[in-house]
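All remarks here apply to the structure that follows.
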2 protein chains.
Amino acid sequence: MRSYGQYCALAKALDVVGDRWTMLIVRELLLRGPSRYTDLRNGLPGIATNLLAERLRDLERAGVITREQAPPPIATNIFRLTERGEALRPVLDALGRWGVPYMEEGPAPGDEFRERWLAWPAELFLEDREPELPPVAIELWVGEEPMVLRTAGGEVHAQVGRAERPDAVLRGTPHVILGVLSGQLELDQARERGLVLEGDERALERVQPQAAPAL
Amino acid sequence: MRSYGQYCALAKALDVVGDRWTMLIVRELLLRGPSRYTDLRNGLPGIATNLLAERLRDLERAGVITREQAPPPIATNIFRLTERGEALRPVLDALGRWGVPYMEEGPAPGDEFRERWLAWPAELFLEDREPELPPVAIELWVGEEPMVLRTAGGEVHAQVGRAERPDAVLRGTPHVILGVLSGQLELDQARERGLVLEGDERALERVQPQAAPAL
DNA sequence: CCGCATCCGGGGCGATACTG
DNA sequence: CAGTATCGCCCCGGATGCGG
């Protein structure tokens, strides 16, 4: 990116991560951990391949990510965030939180969706309000790939995958699931909009925000 | 900006404020409060006039700013952040904080500078560690325009202008002043690099961070 | 299949000129 | 003062090719 040419911390930050797609690449690396080129590309629907390659080069030069050659049998590179790159998490948290209201309207026609993108609102909004009880696991089915929410140390962690014995299973559209996770939708309302909840309803209530956070 | 076409809070946020110059326009409105077109332009060295006009239109349509017609005698518009726009402050705070390390190297050749941009690191790093004492005011001279730091309620507020009877006056380059404010530079080191401190040194020490924050 | 490089059309960007 | 108009250029997006 062309530098803004301003001696200002914000402008300098934007010189590094202000380019189109750059923040979203960081999002993928934060959500997935170290990733291969193809995995990144899969998590970034719409990006042109040359742009991804160019951004990865830029980010590497800027010290935000590193590129590791996997050992010879595997002919692939692994991209991973440096400490400096991980330090961008508060930035993406803030931006993601600011963007949540735009999710309420539901996906625009043609919008792509990846299950793991839900990890953001999930970890942002949910908390384990009864950490002294045994941990619970909630499975989410919102597309092809299942996700699982687990309580641990008062927090809730989200990741792609299944639970062995989930306390509850939620199925629904991204829009409805997000409404439930963010506390914008009551369970009754959500059910009217197609939410299916199997298992222990209390597991869900345990992690939902008490009051709907102001968006 | 072209939409990313992703049903993701972060991508949706970037659809609105991810365009080039957009965040910096919000920076100016946060730092200055409601502003005229020309004032914005002055605080955004390097921006093309048509781009500023276009971004202001976009931000207005997105509900981030409003445009008010000033009463007839003054034939000018006033742009001001909406509540939604003010809600971007945590985002810019996080990004600005992430960008501070790039300031340590000093300005790049040709970098523009505005005194008020210092308000960011100032309010971010400084705190009144002795709020029970009478408030102090510190004047900063780093360019044409003076700035003043005032303690109030345990916090430190920065704004353009002078103090009537400053407890201390600091003069130096942006780079050195920033080093002092962020706690990266000891006073001795700063003096070697051209810092001039008049008045009560304790006023400065009172608001400096105790330990240099990890950048 | 993975990780790009190349090519090309369109649009956003930057600089300057101009207008009410 | 507060923008609009214009124009060249480069960046972006999409498609394709290609070596390992």
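Each chain gets a letter, A, B and so on, in the order the sequences are listed, and its residues count up from 1. Just so we're clear, the structure is a prediction, and the values are computed from it rather than from any experiment.
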* Hey, does the side chain of B:R67 come within less than 4.0 Å of D:dG3's phosphate (OP1/OP2), counting only N and O? -> yes
* Asked: What is the distance from CZ of A:R57 to C1' of D:dC11, rounded to the nearest Å?
  -> 14 Å
* Asked: Where the side chain of A:A48 is concerned, which of C:dC4, C:dC13, D:dG13 is the nearest nucleotide?
  -> D:dG13
* Which is true for A:D19 with a 4.0 Å heavy-atom rule: it touches a base, it touches only sugar-phosphate, or it touches nothing? -> sugar-phosphate
* Please state how far atom CD1 in A:I25 lies from atom C1' in C:dC4, giving the value in whole angstrom units. => 14 Å
* To do: Using a 4.0 Å heavy-atom cut-off across all strands, classify B:T49 as base, sugar-phosphate, or nothing.
  => base
* Decide yes or no for B:L29 and B:R80: does some side-chain heavy atom of the first lie under 4.5 Å from some side-chain heavy atom of the second? => no
* To do: Using the six-membered ring of A:W120, assess whether NZ or CZ of A:R97 lies under 6.0 Å from its centre and within 45 degrees of the ring axis.
  => no
* Asked: Looking only at side-chain N and O atoms, does B:W21 come under 4.0 Å of OP1 or OP2 in C:dG12?
  -> no
* Nucleotide C:dG12, atom P - distance to CD1 of B:I47 in whole Å -> 16 Å
* For the pair made of CG in B:L24 and C1' in C:dC13, what is the distance, rounded to whole Å? -> 15 Å
* **Phosphate contact (C:dC13 OP1 or OP2) by B:R55 side-chain N/O below 4.0 Å** => yes
* Flag side-chain contact, heavy atom, 4.5 Å: B:Q189 against B:L195 -> no
* Asked: Between atom CG in B:D15 and atom P in C:dG12, what is the gap in whole Å?
  -> 14 Å
* Structure fact -> When rounded to whole Å, the CZ to P distance for the pair B:R41 and D:dT4 reads 13 Å
* To do: May I ask you to establish whether A:R41 and A:F79 are in a cation-pi arrangement, using a distance under 6.0 Å from NZ or CZ to the six-membered ring centre and at most 45° from the ring axis?
  => no
* To do: Answer yes or no: side-chain N or O of A:N50 and base N or O of D:dG14 forming a donor-acceptor pair under 3.5 Å.
  => yes
* B:D39 CG to D:dC1 P: how many Å, rounded? -> 9 Å
* Take atom CG of B:L51 and atom C1' of D:dC7, then tell me their distance rounded to the nearest Å. => 14 Å
* Asked: Side chain of A:N77: nearest nucleotide among C:dC13, C:dC4, C:dC2?
  -> C:dC4
* **Short side-chain N/O contact to C:dC13 OP1/OP2 from B:R2, under 4.0 Å** => no
* Asked: Is any side-chain heavy atom of B:R162 less than 4.5 Å from a side-chain heavy atom of B:E139?
  -> yes
* First of B:Y37 and A:E54 reached from the 5' end of DNA chain D, by closest nucleotide -> B:Y37
* To do: Ignoring backbone atoms, establish whether B:R20 has a side-chain N or O less than 4.0 Å from OP1 or OP2 of C:dG14.
  => yes
